[in-house]
Amino acid sequence: MGGSYAIPVPEQEKFKKVTKLKNHGTLIHLTGPLPGSNIEKGSIANEKVTAKDSEHSRVIMLLDKMAEGGEGAVFRTNIRGYVAKIYRREKLTTDKLEKLSIMISKPINCVGVCFPEALIFNSSSEFVGYLMREAQGVELGKSIFQPKLLLQKFPKWTRKDSIDLCITILEKFCYLNERRVIVGDINPGNILVKSPSEVYFVDCDSYQIEGYPCPVGTDNFTAPEVGGREFDTFLRTKQMENFAIATLLFMIMLPGKPPYSAVGGESPSHNIKEGIFPYPHKEKDTDKTPPGKWGFIWSHMSYDMRLAFFETFKKGEEHFEPQNRYYPDEWIEIFKKYRHSIGLMMQRDPMAMDVFPTRLKLRECKKCGELYAPDPEHYSPFCSKCDKAKKRAPLSNKTASNNHSEKKLCPFCGENWIPANWSYCDDCKDKVYAHRECVNCKKLFPVSTSLHAWEEKTGLKRNKCDVCRNTGCRTTPCIHAAKPSPSASVSSRTSASASVSVNKRCPSSSKVVSTSAIGVTKGNASGKSGSGTPNSKIVSVASGKISSLGSSSSLVDGKNAGGSSGKKGASGDGCGCIYCVFGYLLICGLTFICWLASTILFGPS
Amino acid sequence: MDRIIEFDDLLDNPTPRVPVVLCLDCSGSMTGAPIEELNRGVKSFYEEVYADEIARYSAEICIVTFGPVQVETDFQTLDVQPNPPILRASGLTPMGEAVKKSLDVLEERKKKYRDNGVDYYQPWLVLMTDGYPEGGSSQILDEQVARVSQMVQSRKLTVFPIGIGERADMATLQRFSPNRLPLKLQGLKFKEFFAWLSKSVSRVSQSTPGDKVTLDVAGLSGWAEI
């Protein structure tokens, strides 16, 4: 379901596909002692217990009690890097024993996922707990999800770190979901962060496997189709998991802010059900955005990132319905694309890298072309200077005419009135109309509505993507296009393309390569396991100073790939003023000459 | 990297809030050991909530006292206002007016949450008294009893009415608590009570709004006469 994999996981390594919920078990009455029950947190138990996995059995020592909670206590053990969870008496049930026995029977071996690896028995050979790897780092809820704690614990944190953290987390979800493990209770308390590339999943005994549900959950991360059911009365679907993952990602990118916290005060579960997503896109529903920095952070994300969140969380949009939600591997593509573009976005607006920007993203004035910081209270497509001038002077033919008869509805959105001589409204002119294969590099590239309009009018047809146009590349395969356009990989989820599939496996699924794999994840883009990235040029775009800037812009941002040549369009994610220029060209009928001129003047370098 | 970023707590703190109103009897009869113990209890409450990294940004504490009804400190997270006010005992016991003030400031705060897209949990009202209502209007008292019951029934408020000492009017406290019996503090165990309260606040702040959170009933025996 979750996309195709280069090396498929053998069926015997996956948990069984089960659709029927297991019945509740009964309490196990211990006749022997409960190890470590009589000591305080912090003191040392020094008790012998037996750890058994499916093949071996071995006596281990419980050392100091590290933590205590409602379920039980966690002890350090004499096995380096491993800790033991010992349940409270009232939590020891037959179904827990069955579930854990199945869990330890599969080789779940992904660094950072503290999965049960062996059962623990007391001196009377009764089941009391399980053995797992020790986690490190600090809970999301006590770091990334609280702006002040984030800056305190990770003072150098940037937006790129947030992106990397999302990718690291997503890779673990890919690994687990592929083996039919549903995490279920995704929440800020059970993911620990040590660095953007080093993350630990804890409380794995609650994960859903086979017929054993994840019995807990929280409102914010619960998909609308759950409809208020108790968590231990049904099996979660992958779609429900995808909802929780999307929420988690949103709360990492907007540190701690749940996607459904909206002005107007309904409860999160109400907003989730109604799909009331308060962030603007396509210029809709902007009055519900929570004030403060949230709107700023939102505006600085790449177009595709915003689109992905918007379409997932807003009712009626393309990815809102459960079956259409993005899978972890698709999110990875979106995040990688964003990471590629961030260097370019920085060039246009230095605040693009900040986790907490203090204003909206700079826009290009639709009149003078200068960059300006929009006023969140008063939307205007012009800089303050031009805006004032506009108010004084009568309206030009381009902006709007007051005469209704000369107007028509935008044929794309059907909502905005536009002058009769326009093709689409300002909001829609940059939208992707269709995807087309580049004759040169064979990758899909987006065709914007304005490009489409121009083609209709001139009878010409664009057959190369921006990358190939700008570089003049004629080799096949094109050396400038490292990856297929992510939108392509998203739409055709069954195609097994090597370069896509590299990302889908847990980078650290083998212990041996774990450290180096993590290093790679942090350091640079997609070269994770060495294969699949035909060249390193695009990869290094992330560092922001490469001659193929123009080329990456189309990889990065579907919005930009339309009619423009290199020019200022090289900036990763923009208001699309290049199209304004383009629009004028249409009117003047000087398209060809101006294109030549602009290529010469503002060429990709 | 320059990291001087201004944060406005109400706007920029994403943590869902637990609004807690402490409506405390500070009438003349509390003079001496009771008010001292109460101050100590409130101080340890502040310290313990502050020490919890989630509750610090989640619990917003408002203290209303009566003697004369007074808002000692309006809703703030302890990250913003970590120091408790020092309470002094004087005056009569206008309980109805005090509850009215408490609920009024609570309504204002809830409106602010809604206007700013801030999630919040069911608010808590802790009502402590050592005597009978005195010096206030009985009509206002009746109105507030009805208001509180209505809020509790519609799950918009959790009330903890607590009697201090032998002379506390448990019958009136009972009227404010439609769902459970009011509790009586053992001696002057304010500190134990507030330790329990801070733990309960921490527990709530780790859940998400709307989730059911069960109270630590076992912990009650540490401070309440049952």
Side-chain angles (χ1 to χ4, degrees), chain A residues 69-70 138-139 141-153 155-158 187-189 216-222 228 230 251 254-258 260-272 278-279 288-297 353-358, chain B residues 1-17 50-59 77-80 82 107-123 154-156 199 202-216 218-219:
Chain A
V138 48
E139 295 163 26
K142 293 181 178 173
S143 55
I144 313 298
F145 284 7
Q146 172 49 245
K148 285 196 177 172
L149 293 177
L150 166 59
L151 296 183
Q152 193 182 313
K153 291 176 184 174
K156 296 208 157 107
W157 196 269
T158 64
N187 76 56
V216 276
T218 54
D219 266 8
N220 271 340
F221 292 88
T222 303
E230 297 287 333
M251 291 177 73
L254 275 74
K257 197 70 176 169
Y260 288 108
S261 293
V263 169
E266 292 287 354
S267 69
S269 49
H270 174 268
N271 290 348
I272 288 172
Y279 293 86
K288 283 190 183 300
T289 309
K293 303 201 189 328
W294 312 111
F296 301 159
I297 303 175
M353 192 69 110
D354 290 12
V355 231
F356 299 110
T358 51
Chain B
M1 191 183 291
D2 200 8
R3 280 291 189 175
I4 304 166
I5 300 174
E6 294 255 328
F7 284 107
D8 178 327
D9 191 66
L10 181 65
L11 308 184
D12 297 323
N13 173 4
T15 313
R17 308 300 203 278
Y50 188 86
D52 181 317
E53 282 182 331
I54 292 175
R56 187 194 304 165
Y57 298 94
S58 175
T77 60
L78 296 195
D79 178 54
V80 176
E107 284 308 320
E108 269 171 46
R109 191 63 182 173
K110 274 160 58 180
K111 181 166 189 312
K112 280 211 170 125
Y113 293 151
R114 287 193 291 266
D115 289 347
N116 291 291
V118 173
D119 298 330
Y120 60 95
Y121 298 88
Q122 193 170 325
S154 55
R155 301 171 56 87
K156 291 207 158 89
K199 277 203 195 80
S202 292
R203 274 164 66 138
V204 172
S205 66
Q206 306 234 356
S207 65
T208 55
D211 290 345
K212 283 185 205 109
V213 178
T214 47
L215 289 174
D216 173 21

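Throughout, protein chains are lettered first and strands after them, A, B, ... in sequence-line order, and every chain is numbered starting at 1. Scope of the values below: all heavy atoms of this structure, side chains included, with no hydrogens, waters or symmetry mates.
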So, does B:Ser58 use its side chain to make a donor-acceptor pair with the main chain of B:Pro16 at under 3.5 Å?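 Yes, B:Ser58 side chain to B:Pro16 backbone: donor-acceptor pair under 3.5 Å.
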Test ring pair (Phe, Tyr, Trp, His ring centres under 6.0 Å) applied to B:Tyr57 - qualifying residues, sequence neighbours left out: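 Ring pair (Phe, Tyr, Trp, His ring centres under 6.0 Å) check on B:Tyr57 returns nothing, list empty.
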Would you mind telling me which of B:Leu10, B:Asp8, B:Ile54 has the largest number of heavy-atom pairs within less than 4.5 Å of chain A?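 Looking at each of B:Leu10, B:Asp8, B:Ile54 in turn, B:Ile54 comes out on top.
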Determine the option with the most heavy-atom pairs under 4.5 angstrom with chain A, choosing from B:Val118, B:Asp79, B:Leu11.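 Of B:Val118, B:Asp79, B:Leu11, B:Leu11 has the most heavy-atom pairs under 4.5 Å with chain A.
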Pick one of side chain, backbone, both or neither for A:Pro255, based on which atoms fall under 4.5 Å of a heavy atom in chain B.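 Only the backbone of A:Pro255 comes within 4.5 Å of chain B.
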Salt bridge present between B:Lys110 and B:Glu107 (N-O < 4.0 angstrom):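 Salt bridge flag = yes for B:Glu107 with B:Lys110.
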Any Lys/Arg nitrogen of A:Lys148 or B:Asp9 sitting under 4.0 Å from an Asp/Glu carboxylate oxygen of the other?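 Looking at A:Lys148 and B:Asp9, the cut-off is not met.
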Is B:Asp12 close to chain A through its backbone or its side chain, or both, or neither, when contacts mean heavy atoms under 4.5 Å?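 B:Asp12 touches chain A through backbone and side-chain heavy atoms alike.
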Under 4.5 Å, counting heavy-atom pairs only, tell me which of A:Pro291, A:Pro258, A:Gly189 racks up the most with chain B.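 Highest number of pairs under 4.5 Å: A:Pro291.
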For B:Glu53, all residues meeting side chain to side chain donor-acceptor pair (under 3.5 Å), sequence neighbours excluded: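 B:Glu53: side chain to side chain donor-acceptor pair (under 3.5 Å) contacts with A:Lys153.
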